[in-house]
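Worksheet for the structure shown next.
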There are 2 protein chains.
Amino acid sequence: MPSPRPSSRKRPPDSAVHQRRTREQHAQERAQDYVEAIADLIAEHGEARATDLAKSLGVTHVTVIRTVQRLQREGLVKTQPYRSIFLTDSGRRLAMQAKARHDTVIAFLEAIGVSPKVARADAEGIEHHVSRETLAAFERFVAAQ
Amino acid sequence: MPSPRPSSRKRPPDSAVHQRRTREQHAQERAQDYVEAIADLIAEHGEARATDLAKSLGVTHVTVIRTVQRLQREGLVKTQPYRSIFLTDSGRRLAMQAKARHDTVIAFLEAIGVSPKVARADAEGIEHHVSRETLAAFERFVAAQ
DNA sequence: CCATATTTGTAGCATATGCTACATTTTTCC
DNA sequence: GGAAAAATGTAGCATATGCTACAAATATGG
């Protein structure tokens, strides 16, 4: 007869599945933040430089350079030494998706009465953890206001 | 006259402040997940063992052992070699706070029409990024249903 | 009581991401 | 045109957190 202990289950408990999913979301999070920040800088200034990205993201230029190199390996950005940073088609798509999610979360939080300032701050983290279903519920709610 | 470039500002841009806050939240996230999982195991089985934590969290027992050692250094848990894992008063308080936030986020998502299954999955990540103000808005919304 | 199974612990590997220090390159300004 | 400032790049440090492999300790069952 099966013991109530999680260790006796064949199927991982939901908590493990959820935790793993959250970690996978974290693994994508940095890339999304970077491509979104790059897209913002390009839209606002025509170009994205490491020094500006560093300021937007609150890290040193070293961290930016390292991470941009990784994103280039992953095909999300394109850059050359001492040149601006550009988004690839993949990177642009990811940036648009991330921004859309970001904006939806902000709109939703404001719709339930959260101040714009706090909504923007909280959205930064929340945006990476909302599933399609939750996002759709947020959109329905905002549309119904 | 101030330049529009972020690099000319004396005050870091909001984006940098938000990003930094999100990273700080991530730094706390693992500790909260662990103490919450430990509290759950103790409540359900009377004790928390590394092997059970590993299954709950979806990682190997090695990762659990390492992280529990860190949490012990941080005063959140107490354990000895080959013994069960216990929460300190600090750890217990953190677990309760984390669980309360977790439960509020789930209740709220369900209240806006998200299925329980998806609500639980999304709450896992969202719970770490909601400020007090946002949580209060969630609670008001749930109470008004 | 002992063999086997399970759990725990260590070693050493990996990636990610943060930093300081310093060197090199580019840009700016006089 | 050249000095100074700013930006970029590398080296090497750090922590966190994931893993496999293997060894040691404990628990279980016959």
Side-chain angles (χ1 to χ4, degrees), chain A residues 3 5-9 12 16-17 19-35 37-38 41 45 47-74 76-77 79-86 125 128, chain B residues 3 5-9 12 16-17 19-35 37-38 41 45 47-74 76-77 79-86 125 128:
Chain A
S3 152
R5 281 188 173 283
S7 57
S8 63
R9 287 181 189 175
V17 175
Q19 290 271 338
R20 205 168 281 149
R21 175 177 175 262
T22 302
R23 290 200 298 279
E24 280 161 15
Q25 287 166 339
H26 284 151
Q28 305 291 329
E29 191 161 326
R30 226 50 195 129
Q32 291 172 17
D33 289 341
Y34 270 67
V35 295
I38 292 167
L41 285 169
H45 301 294
E47 69 173 341
R49 302 182 305 161
T51 186
D52 297 321
L53 261 178
K55 289 184 175 61
S56 288
L57 297 163
V59 296
T60 69
H61 73 281
V62 187
T63 299
V64 166
I65 286 168
R66 175 106 52 78
T67 306
V68 162
Q69 283 170 344
R70 170 171 83 84
L71 298 183
Q72 173 146 278
R73 288 199 300 278
E74 292 178 10
L76 295 171
V77 308
T79 188
Q80 284 178 306
Y82 299 97
R83 290 288 185 272
S84 288
I85 299 157
F86 303 91
H128 300 289
Chain B
S3 155
R5 279 193 175 279
S7 57
S8 63
R9 286 184 190 175
V17 175
Q19 290 272 339
R20 205 168 282 145
R21 176 175 173 261
T22 302
R23 290 201 297 281
E24 281 161 12
Q25 287 165 339
H26 283 152
Q28 305 292 327
E29 190 161 324
R30 227 54 196 124
Q32 291 172 17
D33 289 343
Y34 270 66
V35 296
I38 291 167
L41 286 169
H45 302 295
E47 72 173 339
R49 303 181 306 160
T51 186
D52 298 321
L53 262 179
K55 290 185 173 61
S56 290
L57 296 164
V59 295
T60 68
H61 73 281
V62 186
T63 299
V64 166
I65 286 168
R66 175 106 51 77
T67 308
V68 163
Q69 282 168 346
R70 172 172 80 85
L71 298 182
Q72 174 147 278
R73 286 199 300 279
E74 292 177 10
L76 295 171
V77 308
T79 188
Q80 286 179 302
Y82 299 99
R83 289 289 185 271
S84 286
I85 299 158
F86 303 91
H128 300 290

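Order of the sequence lines fixes the chain letters, A, B, ..., with proteins taken first and strands second; residue numbering starts at 1 for each chain. This one's a predicted model, so the numbers in the text were calculated from it and none came from an experiment.
- The nearest whole Å value for the distance from the CZ atom in A:Arg70 to the C1' atom in C:dT15 is 9 Å.
- The side chain of B:Tyr82 lies closest to D:dA24 when the candidates are D:dA24, D:dC19, D:dA16.
- Closest to the side chain of A:Ile65, out of D:dT8, D:dT20, C:dC19, is D:dT8.
- The nucleotide whose nearest atom lies closest to any side-chain atom of B:Val62 is, among C:dT8, C:dA11, D:dG18, C:dA11.
- Atom CG of A:Leu71 and atom C1' of C:dT15 are 14 Å apart (whole Å).
- Nearer the 5' end of DNA chain D, as judged by each residue's closest nucleotide, is the contact made by A:Arg83, out of A:Arg83 and A:Arg20.
- If you take CD of B:Glu24 and P of C:dT17, they are 17 Å apart, rounded to a whole angstrom.
- The side chain of B:Tyr34 lies closest to D:dG18, out of C:dT10, D:dA16, D:dG18.
- Here A:Gln19 lies out of heavy-atom contact (under 4.0 Å) with every strand.
- In this structure, B:His61 does not pack face-to-face on the six-membered ring of C:dT7, missing the 5.5 Å centre cutoff or the 30° plane limit.
- Rounded to whole Å, atom P of C:dT27 lies 10 Å from atom CD of A:Glu47.
- Residue-to-nucleotide proximity on DNA chain D shows that, of B:Ala27 and A:Arg66, the 5′-proximal contact is made by A:Arg66.
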